[in-house]
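Please read the structure below before turning to the comments.
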Protein chains: 2
Amino acid sequence: MTNHNMSDLIEEYIKQLLEEEGLVEIRRTDMADQFQCVPSQINYVINTRFTVGQGYHVKSKRGGGGYIRIQKVELNHHGDLLSELEDWIDQKLSVKDSMAILQQLYKYDIITKREANLCLSLLSSDALKLLDKTTEEKTRACMMKRLFERLRYEEKE
Amino acid sequence: MTNHNMSDLIEEYIKQLLEEEGLVEIRRTDMADQFQCVPSQINYVINTRFTVGQGYHVKSKRGGGGYIRIQKVELNHHGDLLSELEDWIDQKLSVKDSMAILQQLYKYDIITKREANLCLSLLSSDALKLLDKTTEEKTRACMMKRLFERLRYEEKE
DNA sequence: TATAATAAAGGTCAAAGATAGTCAATGAAA
DNA sequence: TTTCATTGACTATCTTTGACCTTTATTATA
């Protein structure tokens, strides 16, 4: 009801466009002009209201002919399961735990065996061999979270 | 949606020609005239959008009767493609190049689109955000090589 | 004919221009 | 007080442009 601040207005405006089109492409500067705010406020709105978790996919490009493209993505029905599994992931993640997680994902039919193996190859300590142990495990955790994010809207084939 | 600037237009135009012919031979000056841009912009487009990693082969000749020939390269079987692409991976690998590689793998039916996307999530700079730029790119190269190794193995099943 | 000049391509690179992103300080609201 | 919103200085990335360079073909000349 009390949508009175600029960010809410911008959010609403974009969502309205999305309603019509399903995909919106804006130019940051133009939008900022339109709403008479600084350009970075557009980033703020996007970062707080159009996240992957909220079901949006954002892509942008800088330079001449730059743009920000916002798209609504369908979240699949694995959300709860993914959240639950994601809670397992700490700041650090060992190869062993990665395997366990991927195994669960497979067991719950969220990914295929082959996908699990491909992911595992990228998460292996061999793949991350340049890093010291601590960084390796932190990075692995980071990677796994990215994967989960992706899985929230990838449909299993 | 796609044509945001001159370079994109030129890219699209060339790709359209390639669609029809499979091989295109242009004269840099003519193309520049046609699009009313400086000749070196043609080089820019070619260098950023028609690289080996993206599946193109470019050959040119200077002097009278000079030309730029652009060809879509089609590789034969998987073993070769994997090796060839792997050769292309340096000590360092950017996100962009990773995308190009995964795209090729998809194009040649070695991985599915979904697999490519899952891998990309693990290779993203967001996933590797804890690392400094150099380590990030070295690690990405390392990861990609692990993936290739796995793909060689998977292929046999 | 052999060689030297000239013309006709294309190549390189770095600067300038055009966008978007980040971050931290400040302000406002709950 | 704590969280959310606003701002703007600084940064990163992509595109456009132009001056200068290299290669190749053609023409003029000894």
Side-chain angles (χ1 to χ4, degrees), chain A residues 1-14 24-52 54 56-71, chain B residues 1-14 24-52 54 56-71 92 94-100 124-126 128-134 136-137:
Chain A
M1 195 73 247
T2 33
N3 278 352
H4 273 123
N5 63 57
M6 187 74 354
S7 291
D8 287 339
L9 284 176
I10 297 171
E11 172 190 5
E12 197 152 310
Y13 177 70
I14 294 176
V24 173
E25 200 171 290
I26 60 172
R27 316 191 72 224
R28 192 178 74 149
T29 318
D30 291 350
M31 181 110 322
D33 278 353
Q34 189 176 331
F35 284 93
Q36 293 175 79
C37 62
V38 294
S40 59
Q41 178 145 21
I42 307 302
N43 296 90
Y44 175 72
V45 173
I46 286 171
N47 291 330
T48 54
R49 292 137 158 98
F50 295 88
T51 66
V52 174
Q54 289 163 323
Y56 297 92
H57 195 260
V58 178
K59 192 187 165 202
S60 66
K61 194 174 140 189
R62 311 183 188 191
Y67 58 81
I68 299 177
R69 183 180 304 167
I70 306 168
Q71 205 174 167
Chain B
M1 199 67 51
T2 13
N3 298 329
H4 301 100
N5 52 44
M6 187 73 357
S7 291
D8 288 342
L9 283 174
I10 297 171
E11 172 190 3
E12 193 148 317
Y13 177 68
I14 294 175
V24 173
E25 201 171 288
I26 61 174
R27 316 194 71 224
R28 192 178 75 148
T29 319
D30 291 351
M31 181 112 319
D33 278 353
Q34 188 177 332
F35 285 94
Q36 293 176 79
C37 64
V38 294
S40 59
Q41 179 146 23
I42 307 302
N43 297 89
Y44 174 72
V45 172
I46 286 171
N47 291 331
T48 54
R49 292 137 158 98
F50 294 88
T51 66
V52 176
Q54 288 164 331
Y56 297 93
H57 192 256
V58 178
K59 194 190 164 199
S60 65
K61 197 175 129 189
R62 311 186 187 191
Y67 58 79
I68 300 177
R69 181 180 305 165
I70 306 169
Q71 205 173 167
K92 303 185 328 174
S94 68
V95 172
K96 229 175 163 181
D97 288 341
S98 305
M99 284 174 78
S124 70
S125 60
D126 206 7
L128 304 181
K129 68 182 169 200
L130 297 179
L131 318 179
D132 65 89
K133 191 80 176 177
T134 311
E136 177 192 330
E137 301 218 315

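Residue numbers begin at 1 in each chain, while the letters A, B, ... track the order of the sequences. Bear in mind the structure is a predicted one, so any value in this text is a computation, not a measurement.
Between S60(A) and dT19(C), a side-chain N or O to OP1/OP2 separation shorter than 4.0 Å is absent.
In terms of the side-chain hydrogen bond (donor to acceptor under 3.5 Å, both in side chains) criterion, residue partners of R49(A) (sequence neighbours excluded) are, by chain and number, D8(A), E11(A). Scored by the ring pair (Phe, Tyr, Trp, His ring centres under 6.0 Å) test, H57(A) finds Y153(A) as partners (sequence neighbours excluded). Scanning for side-chain contact (heavy atoms from CB on, under 4.5 Å) contacts around V52(B) gives W88(B), with sequence neighbours left out. Evaluation of the side-chain hydrogen bond (donor to acceptor under 3.5 Å, both in side chains) rule for T29(A) yields no partner, not counting sequence neighbours. Listed by chain and number, the residues in a ring pair (Phe, Tyr, Trp, His ring centres under 6.0 Å) with F35(B) are Y13(B) (sequence neighbours excluded). Legend: residues meeting side-chain contact (heavy atoms from CB on, under 4.5 Å) with E137(B), ordered by chain and number and at least two apart, are K92(B), S94(B), K133(B), R140(B). Taking the side-chain contact (heavy atoms from CB on, under 4.5 Å) definition, one finds that D132(B) meets it with T134(B), T135(B), sequence neighbours left out.
Sorted by first then second residue, the side chain to side chain donor-acceptor pair (under 3.5 Å) pairs that include residues 60-71 of chain B, not counting sequence neighbours, are E25(B)-R69(B). Contacts classified as salt bridge (Lys or Arg N to Asp or Glu O under 4.0 Å) and involving residues 27-47 of chain A (residues at least two apart or in different chains) are given here: R27(A)-D30(A).
For the segment residues 33-49 of chain A, residues with any heavy atom less than 4.0 angstrom from an atom of DNA chain D are, sorted by number, V38(A), S40(A), Q41(A), Y44(A), R49(A).
Under the side-chain contact (heavy atoms from CB on, under 4.5 Å) rule, I68(B) has a single partner from V24(B), I46(B), I14(B), which is I46(B).
Taking atom OH on Y67(A) and atom P on dA20(C), their separation rounds to 11 Å, with Å as the unit. The distance between atom CG of D8(A) and atom P of dA28(C), rounded to the nearest whole Å, is 17 Å. One atom, CG of D126(B), and another, C1' of dT22(C), lie 14 Å apart when rounded to the nearest Å. Atom CE in M6(B) sits roughly 13 Å away from atom P in dT19(C) (whole-Å rounding).
For the residue pair I42(B) and C37(B), the shortest heavy atom distance occurs at CD1-SG, 4.2 Å.
For DNA chain D, the outermost nucleotides in 5' to 3' order that have an atom under 4.0 Å from a heavy atom of chain B are dC14(D) to dA25(D).
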Any N/O pairs under 3.5 Å between the protein and nucleotides 2-8 of chain C? List them or say none.
none

